[in-house]
J.: 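One structure, as structure tokens, below. Some questions next.
Numbers here are sequence positions counted from 1. Remember, it's a predicted structure, so these values are computed and weren't measured experimentally.
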Amino acid sequence: ANESGLSRCIDCSAGYFQDLTGQTHEVACPPGSYNPSTGMSTCFACDPGQNQSSYGQARCEVCPRGTYGDEDSTYDTNYSFPTSTDYCNKCPSSATTREVSSESIQDCICPEGTWGEYTDCQACIEGMLCDEVGLDLPKQDEGYLVTLRTSRRLRRASEEEYDGSINFDIWRCLHSAACPSGEIGTCADNRDPAEVACGKCLENFHFDSESKCIECSSAQATLILFAVVVLACLVLVALAFLANRKLA
């Protein structure tokens, strides 16, 4: 009341509301809602990816990285307006999110240093490279060739069994430059990825003094062909000599 004894109305504060007439107090917006303005008769549900766990707030808080808020607005019987979740859900396992304010569990991804589905993130081991978030498959580290598991039984630099259906062979390369970091199964230029640890050049290429694979020139190809022919002739001569020696 003022000095003349007459009552006066004042606006509700931000974060508060009053939806009835003739009231002498304002009501705090409940958890899961907010009100950014004064003089309001309602509050607003937090948007997906946000939450509010306190009463009487003028804004909602964004869900931090590694959490999400995806619940739909619901009506509380104590209020005439919808409210939303008053908490953020944590991503499963060790998963995280790329940004804050994520709205769905589908935004959850494996953190740096791991790979796989967000429900079962696998740690990178020797030879693997997981230098970013959200990798479905690991990369290969420099100096290693990483391939999906095959049936070949050769000595490995490192071997790891996983519970899932995806397994890998990891080979340490003789020359680190032969196996650059990046997508698994990648060899340096002109090296054969079908060979163990990128150990051979592709057809019509040969090693130079720095172990790089360079293309054979026409003269080199001719020389190699000539050497092969000469070697074959020598083998035939040797066989003929041995056969004649036995007959004698």
Side-chain angles (χ1 to χ4, degrees), residues 47-51 53 61-72 84-202 211-213:
D47 293 331
Q50 301 181 356
N51 80 103
S53 59
E61 303 292 337
V62 298
C63 291
R65 187 175 279 106
T67 67
Y68 63 96
D70 65 348
E71 291 190 12
D72 295 331
S84 65
T85 178
D86 58 357
Y87 62 92
C88 295
N89 302 285
K90 189 178 185 305
C91 288
S93 183
S94 59
T96 185
T97 55
R98 293 187 185 277
E99 305 293 342
V100 299
S101 195
S102 295
E103 301 178 4
S104 168
I105 192 173
Q106 300 303 321
D107 293 326
C108 295
I109 52 178
C110 290
E112 187 174 338
T114 66
W115 65 274
E117 293 288 335
Y118 67 86
T119 54
D120 186 25
C121 297
Q122 302 286 343
C124 272
I125 60 173
E126 180 187 359
M128 293 181 176
L129 177 65
C130 298
D131 58 351
E132 60 181 292
V133 299
L135 289 176
D136 294 326
L137 290 173
K139 302 177 185 177
Q140 65 183 34
D141 204 356
E142 183 179 8
Y144 293 86
L145 178 67
V146 180
T147 59
L148 292 177
R149 169 124 330 149
T150 66
S151 61
R152 287 191 291 185
R153 297 180 178 273
L154 297 174
R155 185 175 180 182
R156 297 167 177 78
S158 180
E159 182 176 325
E160 184 80 1
E161 295 287 348
Y162 298 102
D163 293 333
S165 59
I166 301 178
N167 297 294
F168 301 92
D169 286 327
I170 303 177
W171 315 91
R172 190 194 300 276
C173 301
L174 181 61
H175 302 284
S176 60
C179 302
S181 62
E183 184 179 352
I184 61 174
T186 300
C187 294
D189 291 344
N190 305 321
R191 283 181 176 263
D192 190 349
E195 292 296 329
V196 175
C198 304
K200 292 184 179 180
C201 295
L202 294 171
S211 297
K212 294 181 179 179
C213 292

J.: Walk me through it: do Cys179 and Cys187 pass the test disulfide bond (SG atoms under 2.5 Å apart)?
T.: CA-CA 5 Å; Cys179 302; Cys187 294; 5.5 Å; no
J.: Tell me every residue that passes salt bridge (charged side-chain N to carboxylate O under 4.0 Å, His left out) with Arg98, counting only those two or more places apart in sequence or in another chain.
T.: none
J.: Excluding sequence neighbours, so at least two apart, what forms side chain to side chain donor-acceptor pair (under 3.5 Å) with Glu183?
T.: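 Once residues adjacent in sequence are excluded, Glu183 has no partner under the side chain to side chain donor-acceptor pair (under 3.5 Å) criterion.
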J.: With heavy-atom distances below 4.5 Å as the criterion, would you say the side chains of Thr147 and Trp171 are in contact?
T.: yes
J.: What pairs with Ser93 under side-chain contact (heavy atoms from CB on, under 4.5 Å), at least two apart in sequence or on another chain?
T.: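 None.
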J.: Taking the side chain as every heavy atom from C-beta outward, state whether Pro92 and Ile105 have any pair of such atoms under 4.5 Å apart.
T.: yes
J.: Sorted by first residue and then second, give each side-chain hydrogen bond (donor to acceptor under 3.5 Å, both in side chains) pair with at least one member in residues 127-143; sequence neighbours left out.
T.: Asp131-Lys139, Glu132-Lys139
J.: Spell out, as yes or no, whether a donor-acceptor pair under 3.5 Å connects the side chain of Thr97 to the backbone of Cys108.
T.: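 Not at all, since once roles are kept as given, no pair shorter than 3.5 Å links the two residues.
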J.: Listed by chain and number, what are the side chain to side chain donor-acceptor pair (under 3.5 Å) partners of Asp189, not counting sequence neighbours?
T.: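 None.
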J.: Under 3.5 Å, is there a donor-acceptor pair between the side chain of Ser101 and the main chain of Gly49?
T.: yes
J.: How long is the gap from CH2 on Trp115 to CZ on Phe168, to the nearest 0.5 Å?
T.: 4.0 Å
J.: Under the side-chain contact (heavy atoms from CB on, under 4.5 Å) test, which residues partner Leu174, sequence neighbours left out?
T.: none
J.: Is the SG-SG separation for the cysteine pair Cys198 and Cys173 below 2.5 Å?
T.: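 Answer is no, sulfur atoms not closer than 2.5 Å.
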J.: Answer whether the closest heavy-atom distance between the side chains of Tyr118 and Thr96 falls below 4.5 Å.
T.: no
J.: Output all residues satisfying side-chain contact (heavy atoms from CB on, under 4.5 Å) with Cys63, sequence neighbours left out; order by chain, then residue number.
T.: Asn51, Thr67, Cys88
J.: Which residues pass the side-chain contact (heavy atoms from CB on, under 4.5 Å) test with Ser104, sequence neighbours left out?
T.: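 Once residues adjacent in sequence are excluded, the partners of Ser104 under the side-chain contact (heavy atoms from CB on, under 4.5 Å) criterion are Gln106, Asp107.
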J.: Of Ile170, Ile125, Leu137, which is the lone residue that meets side chain to side chain contact (heavy atoms under 4.5 Å, CB included) with Val146?
T.: Ile170
J.: Return yes if some donor-acceptor pair links the side-chain N/O of Asn89 with the main-chain N/O of Gly69 below 3.5 Å, else return no.
T.: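 Between the backbone of Gly69 and the side chain of Asn89 there is no qualifying donor-acceptor contact (under 3.5 Å).
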